[in-house]
Amino acid sequence: MVIDVHCHVGYSARRIDPALPRFTFEKNGAPGAPGFDSYLSPRLLSRFAWFFIRRWLGIPRGLKAGDEFDALLEKVYDRHWSAAPGIDRFVLLAFDEYHADAGRVLGPSQRRGQVGSDLYVSNTLVRALCMARPDRYLFGASLHPYRTEGDRDAASMLEELSAAGAVLIKWLPIHQNIRAEDPRTVAFLRAAARLKMPMLIHYGGEMSLARQHMEFEHPGPMLDVLRRLRADGEMPTVIVAHAATPSFIFQSADGHRRLIEALLGEFADAPIYADISALAAFGRTPWLKRLAANKAVHKKLLFATDFPIPVMLRSFRRLMDAETYARIAADPSWAHQDLLLKQALGFDPCVFTQARSVLNINAESA
């Protein structure tokens, strides 16, 4: 079974649907923007990168956030996911809001330089999408470790997500403000270990969302925390998104090197992995080529796309014959192009199939 463990879904201004079965901590939608199950911030929609994303997605310039915008997004999702026969399941990801150190939730950021959230997607919404198509989607949850509600902390909310069938938890520390050493983070990771809930954590560069806490870009502090948890017998399964690669080849790759050394060394027999999502995107293609050539690390890699990030196929033209290149280029789905490219680059078959065991997907749910 081929599973894309890192696939984004989101809407510009999706209001809550009271008919959906809601998580108790999401009764009113986004804490920072009550009444919404998903939003894209004004800052995000004004970013330079968004100009290109709009063009790739076919969103007309000047179209405001709202129902028409979201209807177009829905068509894009359906077009690319339905035309990917080689991918059996997509893990659709929720995305929690930015939380300040004291736990205060910050809603959508209005402008550059203002700290806040660029993207929010509720667990309630993503679970509903997955329940509607269990043959195609798996529920990827997101819950900030600093989140509280009354006397409940994030660790107790995690139990509710686990009971609802979440297969992993997604974090993006440099955007959401998540410090690895914070006691709340550590408590959450211990709870994830007890519940056998894998963590998908982004380290390394970031191009789509605002990089608000670059002090959390390096995976080193998280690796230190995992060492302590492993010694205590309370280490969860962790998947490091994008293999902690930088956004461009000229940026520091120390975090990536440290991660690969750990995966092949002290954590060789531990449940720590890296996904290869977004490595066919502009700026990151050299890292995909290097990982494809490093056969020793393939047993620690998981297939993922980071959809809707498109594939920069031309960067790989010289690495395949003309027929293979033409076949991949003609594929209508970015996600399927990503799969076909990585298969053509010679990644071991285990890279595409071992997510099922890593995510604890049993035969019944498959």
Kindly compute the distance separating [atom1] ([X]) from [atom2] ([Y]), expressed to the nearest 0.5 Å.
X: Glu97; Y: Asn177; atom1: CD; atom2: CG; value: 13.5 Å
X: Arg112; Y: Arg43; atom1: CZ; atom2: CZ; value: 10.5 Å
X: Met222; Y: Leu259; atom1: CE; atom2: CG; value: 12.0 Å
X: Arg79; Y: Trp334; atom1: CZ; atom2: CH2; value: 7.5 Å
X: Gln251; Y: Arg284; atom1: CD; atom2: CZ; value: 8.5 Å
X: Leu45; Y: Asp118; atom1: CG; atom2: CG; value: 9.0 Å

Compare every heavy atom of [Y] with every heavy atom of [X], then report the nearest pair and how far apart it is.
X: Thr324; Y: Ala344; answer: CG2-CB, 4.1 Å
X: Ala84; Y: Phe90; answer: CB-CZ, 3.9 Å
X: Asp70; Y: Arg14; answer: OD2-N, 3.7 Å
X: Trp81; Y: Cys7; answer: NE1-SG, 3.4 Å
X: Met197; Y: Val167; answer: SD-C, 3.9 Å
X: Ser38; Y: Leu125; answer: CB-CD2, 4.0 Å

For the backbone of [Y] and the side chain of [X], can you confirm whether one donor and one acceptor N or O come within less than 3.5 Å of each other?
X: Arg127; Y: Ala141; answer: no
X: Arg89; Y: Asp4; answer: no
X: Ser122; Y: Gly29; answer: no
X: Lys289; Y: Leu319; answer: no
X: Ser117; Y: Leu119; answer: no

With a sphere of 6.0 Å drawn around [atom1] of [X], does it hold more than 12 non-hydrogen atoms of other residues, nucleotides or ligands?
X: Arg230; atom1: CZ; value: yes
X: Lys299; atom1: NZ; value: no
X: Asp67; atom1: CG; value: no
X: Arg152; atom1: CZ; value: yes
X: Arg211; atom1: CZ; value: no
X: Phe23; atom1: CZ; value: yes
X: Glu215; atom1: CD; value: yes
X: Asp151; atom1: CG; value: no

Tyr11 and Tyr77 aromatic ring geometry - parallel, tilted or perpendicular at 30°/60° bounds
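Ring orientation, 0 to 90° scale: perpendicular.
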Ring-face cation contact, Phe95 with Lys170, 6.0 Å cut, 45° max: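 Judged by the rule, Lys170 and Phe95 form no cation-pi pair.
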So, is the end of the Arg184 side chain (NZ or CZ) under 6.0 Å from the ring centre of Tyr146 and within 45° of the ring's axis?
->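 Pair Arg184/Tyr146 counts as cation-pi.
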Exercise. Run through Leu302, Thr305, Leu291 and flag the one making a side chain to side chain contact (heavy atoms under 4.5 Å, CB included) with Ile276.
Key: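 Only one option passes, and that is Leu291.
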- request: Identify the residue among Asp275, Val5, Ile87, Ile3 that makes a side chain to side chain contact (heavy atoms under 4.5 Å, CB included) with Phe303.
  value: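 The side chain to side chain contact (heavy atoms under 4.5 Å, CB included) with Phe303 is passed solely by Ile87 among Asp275, Val5, Ile87, Ile3.
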Margin query: Before you tell me yes or no, could you show the steps for Arg356 and Asp88 under salt bridge (Lys or Arg N to Asp or Glu O under 4.0 Å), namely the whole-Å CA-CA distance, both residues' side-chain angles and the distance that decides it to 0.1 Å?
Written below: CA-CA 11 Å; Arg356 180 172 176 176; Asp88 297 294; over 6 Å; no
* Given the side-chain rings of His6 and His202, with only the six-membered ring counted for Trp, is the space between their centroids under 6.0 Å? ->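 Judged by ring-centre distance (under 6.0 Å), His6 and His202 do not meet the cut-off.
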message: Determine whether the aromatic ring centres of residues Phe216 and Trp171 are separated by less than 6.0 angstrom.
response: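 So the answer is no for these two rings.
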Q) Of Asn28, Asn123, Asp17, Asp37, which meets side chain to side chain donor-acceptor pair (under 3.5 Å) against Arg22? A)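 Only one option passes, and that is Asp37.
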So do [Y] and [X] actually touch side chain to side chain, heavy atoms under 4.5 Å?
X: Arg147; Y: Pro31; answer: yes
X: Leu57; Y: Leu72; answer: no
X: Leu288; Y: Thr245; answer: no
X: Ser142; Y: Val121; answer: no

*Among His144, His213, His175, whose ring-ring contact (aromatic ring centres under 6.0 Å, His included) with His99 holds?*
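For His99, the ring-ring contact (aromatic ring centres under 6.0 Å, His included) test succeeds with only one of His144, His213, His175, which is His144.
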